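What follows is a set of notes on a single structure, which appears directly below.
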Amino acid sequence: MSESPLIPILIVSTALFFIGMFGLFTRRNMITMLMAIELMLNSVNINFVAFNKYLFPDKLNGLFFTLFIIAIAAAEAAVAIAIIINLYRSHTSIDVEDASEMKF
Amino acid sequence: MMINNFFLLLRQELVITAIIFILLFIKLGKDKSNESLLHIINVLLFINLLIGFFPMMEGGLFNSMFATNKLVVLEKNILNFAFWIISLQSYSWLKTHKHVIEFYILLLSSLLGMFFLLSSDHLLMFYVGLEMSTIPLAAAANFDLTKRQSSEAALKLIISSAFSSSLLLLGISFLYGTTGTLILSDIGSHLSYNPLQIFAFILFISGFAFKISAVPFHLWTADVYEGAPIAVTAFLSVLSKSAVLFAFISILYKAFASLSSMWYLVLIVLSMATIVIGNLFALRQENMKRFLAFSSIAQVGFILIGISGSSHQGSSSLIYFILIYVFSNLAAFGVLSLVSALTGKESIQDFKGFYKNNPTLSWVLTIALFSLAGVPPTAGFFGKLFLLMAGAAKGNYWIIAIAALNMVISFYYYLRVVKAIFMDENDQPIEKLSIPIYPKIAMFICIAGIILTGFLTVVYDYINSLSISL
């Protein structure tokens with residue numbers, strides 16, 4: 001199989017990763033920040049699947065890694081959303097600028 | 001045969017799992033008083049600690065995903081011990097708390113994750129262990145549900161750890177793409193100075209630097225430590241940091257050995273920045289937890305110098321230092337958690353005139369701070385000495401000079417607390433605190449450890465005989 005489809009896929013996944021990073025740094029809404037992190041994790045998933053299919057198709061290492069990343073990202077999101085709900089109860093806001101009592 | 005290996009090699013993990021299940025069943029049963037619960041839990045944790053000292057087999061499981069040897073067992077025993085001490089110390093805080101069992105289940109699952117992290121010989125197991133050790137901690141950091149700072153701390157912890165682990169994952173995916181294997185001991189032979197691999201390595205190391213709070217990535221540390229309950233702060237600053245450092249050194253020396261001339265430079269830059277910034281920020285802190293947070297950042301800088309030596313001595317001095325760090329940091333946190341649970345006071349101002357009513361606690365805190373600063377009779381001095389010697393092996397003596405200068409700076413802020421305790425006048429000093437039996441045992445063990453570990457050469461010799469080198 002030719003390697004040529006790998007390069008465009010990697011470009012997409014890298015773009016997705018840095019879009020996610022940009023979102024994490026610029027957005028101020030906690031839920032949106034969480035979405036940005038999910039975007040970063042999903043770009044890594046694309047990387048793994050692409051590497052597995054085009055470079056090392058004889059083993060399924062990359063695919064299984066992807067499954068684990070998806071499961072752990074779900075667990076992480078569950079805990080993060082629980083924390084955000086609890087933070088909303090005390091701060092009545094989900095803007096990160098409001099959660100800045102502790103500095104330096 | 002297979003099933004025998006399963007029980008023998010996974011023994012420490014299975015005991016922790018069993019304790020988690022016992023706690024779940026106790027939770028399902030009828031309500032018990034907090035005190036009897038804490039008695040049961042502390043005894044269970046002590047049994048768990050003892051079981052770790054029985055001779056263990058070496059070997060691998062699950063297609064060499066999980067590997068254990070004597071060094072890993074020793075590291076797990078250190079973690080078990082630290083967890084038992086933290087559990088003893090948080091007695092006065094947990095006695096009146098509504099959710100004792102949930103607290104222990106969260107922290108035990110985090111400890112289980114650390115065990116898998118330490119035993120991992122495969123990047124998948126490594127990643128799962130790392131996440132398993134951080135996600136429950138974020139929930140535990142929010143354990144004072146009604147406290148504003150607690151939820152802020154938990155949010156900062158989960159967002160920054162998720163971000164750092166996604167950096168780490170991108171690094172892992174590039175490593176997989178360029179080497180075609182995920183097994184740590186195989187990666188080394190596939191590595192060269194290929195640009196994509198170097199990029200992967202940089203991502204990998206920044207993910208790690210987040211977890212151990214080395215300087216450009218340290219900003220979450222102080223906030224999380226201040227906001228979280230003290231028991232969780234102690235857990236974060238001792239257990240999770242040392243587990244990640246153990247994993248860090250084994251990955252650097254095993255998987256990335258062929259890139260050693262590159263990571264030497266990275267470690268030097270990180271350690272210099274960490275020591276200087278950690279110390280300078282520690283100078284201006286007023287809250288005890290924040291102060292200990294920055295002091296622990298500075299300690300990580302010293303540890304990185306030791307690791308950069310990349311010798312046999314590098315890894316043995318790291319484990320030795322962490323053992324001492326467990327004793328001294330936990331002694332300090334023990335006093336803080338007692339004071340905070342009984343009076344709610346946490347700032348350095350409140351500790352003025354502490355000696356007047358609480359001479360014992362004052363001495364414990366003082367010895368702990370001396371050991372953290374590295375004043376000679378205590379073990380902290382020997383720990384730092386060995387780390388700097390390991391770092392000096394490469395011949396860059398200016399690093400050691402900067403580190404030594406920073407030790408002098410660190411004396412200022414450690415001794416500032418000691419001065420507040422012994423010399424400063426205070427109209428309303430903290431009244432006499434009665435120490436329950438469990439924290440008393442914990443403090444006694446910590447102080448004995450601080451004094452004895454430095455003088456008993458067997459400890460260092462034993463660690464040295466097990467250590468790995470490049």
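Numbers restart at 1 for each chain; the letters A, B, ... are given by sequence-line order, proteins then strands. From a predicted model like this one, the values you see are computed outputs, not experimental measurements.
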Heavy-atom proximity to chain A below 4.5 Å, by part of B/T179: backbone
Which of B/A138, B/S166, B/A141 touches chain A most, by non-hydrogen pairs under 4.5 Å: B/S166
Contact winner vs chain B - A/N61, A/L10, A/T14, heavy-atom pairs under 4.5 Å: A/N61
Chain B contact via A/L24 - which portion, at a heavy-atom distance below 4.5 Å: side chain
Close side-chain approach of A/M30 to B/I159, heavy-atom, < 4.5 Å: no
Most contacts with chain B, counted as non-hydrogen pairs under 4.5 angstrom, among A/M33, A/E76, A/M40: A/E76
Part of A/Y88 lying under 4.5 Å from any heavy atom of chain B: neither
Test item: A/F65 and B/L123 side chains (from C-beta on) under 4.5 Å apart, heavy atoms: yes
Full working for side chain to side chain contact (heavy atoms under 4.5 Å, CB included) between A/F56 and B/T181: CA-CA 9 Å; A/F56 316 106; B/T181 175; over 6 Å; no
Inter-residue atom distance B/S173.OG - A/I46.CD1, 0.5 Å rounding: 11.0 Å
Atom group of A/I72 that falls short of 4.5 Å from chain B, counting heavy atoms: both
Greater than 12 external heavy atoms within 6.0 Å of A/K59's NZ: no
Side chain to side chain contact (heavy atoms under 4.5 Å, CB included) between A/I69 and B/Y127, intermediate numbers included: CA-CA 9 Å; A/I69 295 175; B/Y127 171 64; 4.0 Å; yes
Inter-residue atom distance A/I83.CD1 - B/L145.CG, 0.5 Å rounding: 10.5 Å
Gap between atom CG of B/N142 and atom OG of A/S90 - 0.5 Å precision: 8.0 Å
Sub-4.5 Å side-chain heavy-atom contact between B/S151 and A/R89: no
Verdict with reasoning, B/L155 to A/V96, per side chain to side chain contact (heavy atoms under 4.5 Å, CB included): CA-CA 9 Å; B/L155 181 83; A/V96 276; 4.2 Å; yes
Residues B/T178, A/F51; criterion side chain to side chain contact (heavy atoms under 4.5 Å, CB included); working and verdict: CA-CA 9 Å; B/T178 49; A/F51 282 138; over 6 Å; no
Rounded distance [0.5 Å steps], CD1 in B/I158 versus CD1 in A/I81: 10.5 Å
Student check: side-chain heavy atoms of B/F174 and A/V44 closer than 4.5 Å: no
Side chain / backbone / both / neither for B/L167 at chain A, heavy atoms under 4.5 Å: both
Proximity breakdown for B/T134 and chain A, heavy-atom pairs closer than 4.5 Å: neither
Proximity breakdown for A/N52 and chain B, heavy-atom pairs closer than 4.5 Å: both
B/R416 atom CZ, neighbour heavy-atom count above 12 within 6.0 Å: yes
